[in-house]
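Note: hydrogens, waters and symmetry copies are ignored here, and every other heavy atom, side chains too, is used. Each residue takes its place number in the sequence, starting with 1.
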Amino acid sequence: MTTAKSLLAEIDAAADPQVAEVLERYFQLQPGGYGYGDQMAGVKLSTIREILKPYRRAAVPLEDLEQALTSPIHEHRLAVLCLLADRAAKEREPIYELYLRCTEYINNWDLVDCSASEIVGGYLLDKPRDVLETLVHSESLWERRIALVATHWFIRRGESEDIYHLAPEVFDDREDLIHKAAGWMLREAGKRVSEDELREFLDEHAPAMPRTMLRYAIERLPADVRAHYRARR
């Protein structure tokens, strides 16, 4: 059986309490942490990807996957999002719409990072991208990260305008995870599209950028160039 219920059952069967303890610390599930309130079963991503292999060939109904995405178990949601990202190329619009209906369940950085580019970026590639502006100003940390990580799809196809527009919008963001995401995407734009374009952005904005964002953005630049931009901060 390859159903949404059987998928969750297989993940439960692979659960390891010792792994759960490690993952709870890593994803900050403690009081005050950004993942507080979530529940870990204790299943590594590599194991989840192995479990998913037969499900990639099965036509599990989207409505069943949407229901599974509401599970309180982190790894359940991670598995569903990985599967949706795999299927997004063939079912762009319904999966995109499902995703935006369910952002409250996409509530940690690994859940965003395994899915936002393929699902949101992939759908918006040939469409207006106003939704990214809405998401990047959301009260939800995770919706803001979705907006930024979605641009990776465009960057990998030679389009960097969106990240250069969105990054200044989060200079004053209170969350380090947002600064990391923006810096990561800026670094990718410099690597995959144009290093000169990245340097032009840094020439204008480096003094105003959060330190974490700047550090991520300049990671692949030569040492003397990195030192120059750090000094401007």
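Residue Y105 comes nearest to L69 through the heavy atom pair CB-O, 3.3 Å, listed as atom of the first residue, atom of the second, then distance. A182 approaches V170 most closely through the heavy-atom pair CB-CG2, 4.1 Å. Across all non-hydrogen atoms, the minimal contact from R156 to S117 is NH1-OG, 3.3 Å. Contact between D38 and P72 at its shortest, heavy atoms only, is OD1-O, 3.3 Å. Taking each heavy atom of R144 and E139 in turn, the nearest pair found is NH1-O, 3.2 Å. Between A189 and S160, the shortest heavy-atom distance links the atoms CB-CB, 4.0 Å.
Ring geometry for W184 versus H152: interplanar angle of 30 to 60°, hence tilted.
Atom CG of D16 and atom CE of M40 lie 13.5 Å apart (nearest 0.5 Å). With values rounded to the nearest 0.5 angstrom, C82 atom SG is found 8.5 Å from L111 atom CG. Summarising the geometry, atom CZ belonging to R101 is positioned 6.5 Å from atom CD belonging to E97; distances are rounded to the nearest 0.5 Å. Taking CG from L166 and NE2 from H137, the interatomic distance works out to 8.5 Å, rounded to the nearest 0.5 Å. We find the CZ-CG distance between R232 and L202 to be 9.0 Å, quoted to the nearest 0.5 Å. The CG atom of L52 sits 11.5 Å away from atom OG1 of T2, with the distance rounded to the nearest 0.5 Å.
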**OP:** Could you walk me through whether V149 and V120 pass the side chain to side chain contact (heavy atoms under 4.5 Å, CB included) test, one step at a time?
**Re:** CA-CA 9 Å; V149 176; V120 178; over 6 Å; no
**OP:** Quick one: do N108 and R77 satisfy side chain to side chain contact (heavy atoms under 4.5 Å, CB included)? Show the steps, please.
**Re:** CA-CA 10 Å; N108 213 309; R77 302 195 304 281; over 6 Å; no
Original post:
Could you walk me through whether Y164 and L186 pass the side chain to side chain contact (heavy atoms under 4.5 Å, CB included) check?
Top reply: CA-CA 7 Å; Y164 289 123; L186 290 169; 3.6 Å; yes
Original post:
So L78 and I11, side chain to side chain contact (heavy atoms under 4.5 Å, CB included) or not? Walk me through it.
Top reply: CA-CA 10 Å; L78 179 59; I11 292 169; over 6 Å; no
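With hydrogens and angles ignored, the 3.5 Å screen pairs no side-chain donor or acceptor of R230 with any backbone N or O of L214. Put simply, the side chain of E175 never gets that close to the backbone of L141: no donor and acceptor are under 3.5 Å apart. Although no hydrogens or angles enter the test, the distance criterion places no donor-acceptor pair under 3.5 Å between the side chain of Y229 and the main chain of R215. S71 contributes no side-chain N or O that, together with a main-chain N or O of A68, makes up a donor-acceptor pair within less than 3.5 Å. Here the side chain of T212 pairs no donor or acceptor atom with the backbone of H179 at under 3.5 angstrom. Checked by atom type and distance alone, the side chain of R129 pairs as donor or acceptor with a backbone atom of L125 at under 3.5 Å. Between the side chain of E75 and the backbone N or O of V43 there is at least one donor-acceptor pair closer than 3.5 Å. Formation of a donor-acceptor pair under 3.5 Å by the R226 side chain with backbone atoms of L221 is found in this model.
Hydrophobic clustering places Y26 together with Y34 (ILVMFWY residues linked when any side-chain heavy atoms are closer than 4.5 Å, directly or through intermediates). Clustering ILVMFWY residues whenever any of their side-chain heavy atoms sit less than 4.5 angstrom apart, transitively, puts L29 in the very cluster that holds L45. Residues V225 and M209 share a hydrophobic cluster, clusters being chains of Ile/Leu/Val/Met/Phe/Trp/Tyr side chains in contact below 4.5 Å. Criterion: ILVMFWY side-chain heavy atoms under 4.5 Å apart, direct or through other members. Under it, L83 and L98 are part of a common hydrophobic cluster. There is no path of hydrophobic side-chain contacts, each under 4.5 Å, that joins I73 to L23.
Counting heavy atoms from C-beta on, the side chains of E133 and E169 come closer than 4.5 Å. Using a 4.5 Å cut-off on side-chain heavy atoms (C-beta onward), L100 and V131 make contact.
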Would you tabulate the side-chain donor-acceptor contacts of residues 86-96 under 3.5 Å, counting partners in other chains and residues two or more places apart, or write 'none'?
residue	atom	partner	partner atom	Å
D86	OD2	R56	NE	2.3
D86	OD2	R56	NH2	3.3
R87	NE	E91	OE2	2.8
R87	NH1	V60	O	2.7
R87	NH2	V60	O	3.2
R87	NH2	E91	OE1	3.2
R87	NH2	E91	OE2	3.1
R92	NH1	E118	O	2.9

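No more than 12 heavy atoms of other residues, nucleotides or ligands shown are found within 6.0 angstrom of CG on D172. Shown here is K44, whose NZ atom has no more than 12 heavy atoms of other residues, nucleotides or ligands within 6.0 Å. No more than 12 heavy atoms of other residues, nucleotides or ligands sit less than 6.0 Å from atom CD of Q18.
Taking 4.0 Å as the cut-off between side-chain N and carboxylate O, R145 and D113 count as a salt-bridged pair. By the 4.0 Å N-to-carboxylate-O rule, D176 lies close enough to K180 to be salt-bridged with it.
Considering only residues two or more places apart in sequence or on other chains, H205 meets the ring-ring contact (aromatic ring centres under 6.0 Å, His included) condition with F171, F201.
For residues 42-91, every residue pair satisfying the ring pair (Phe, Tyr, Trp, His ring centres under 6.0 Å) rule, not counting sequence neighbours, is listed here: F27-H74.
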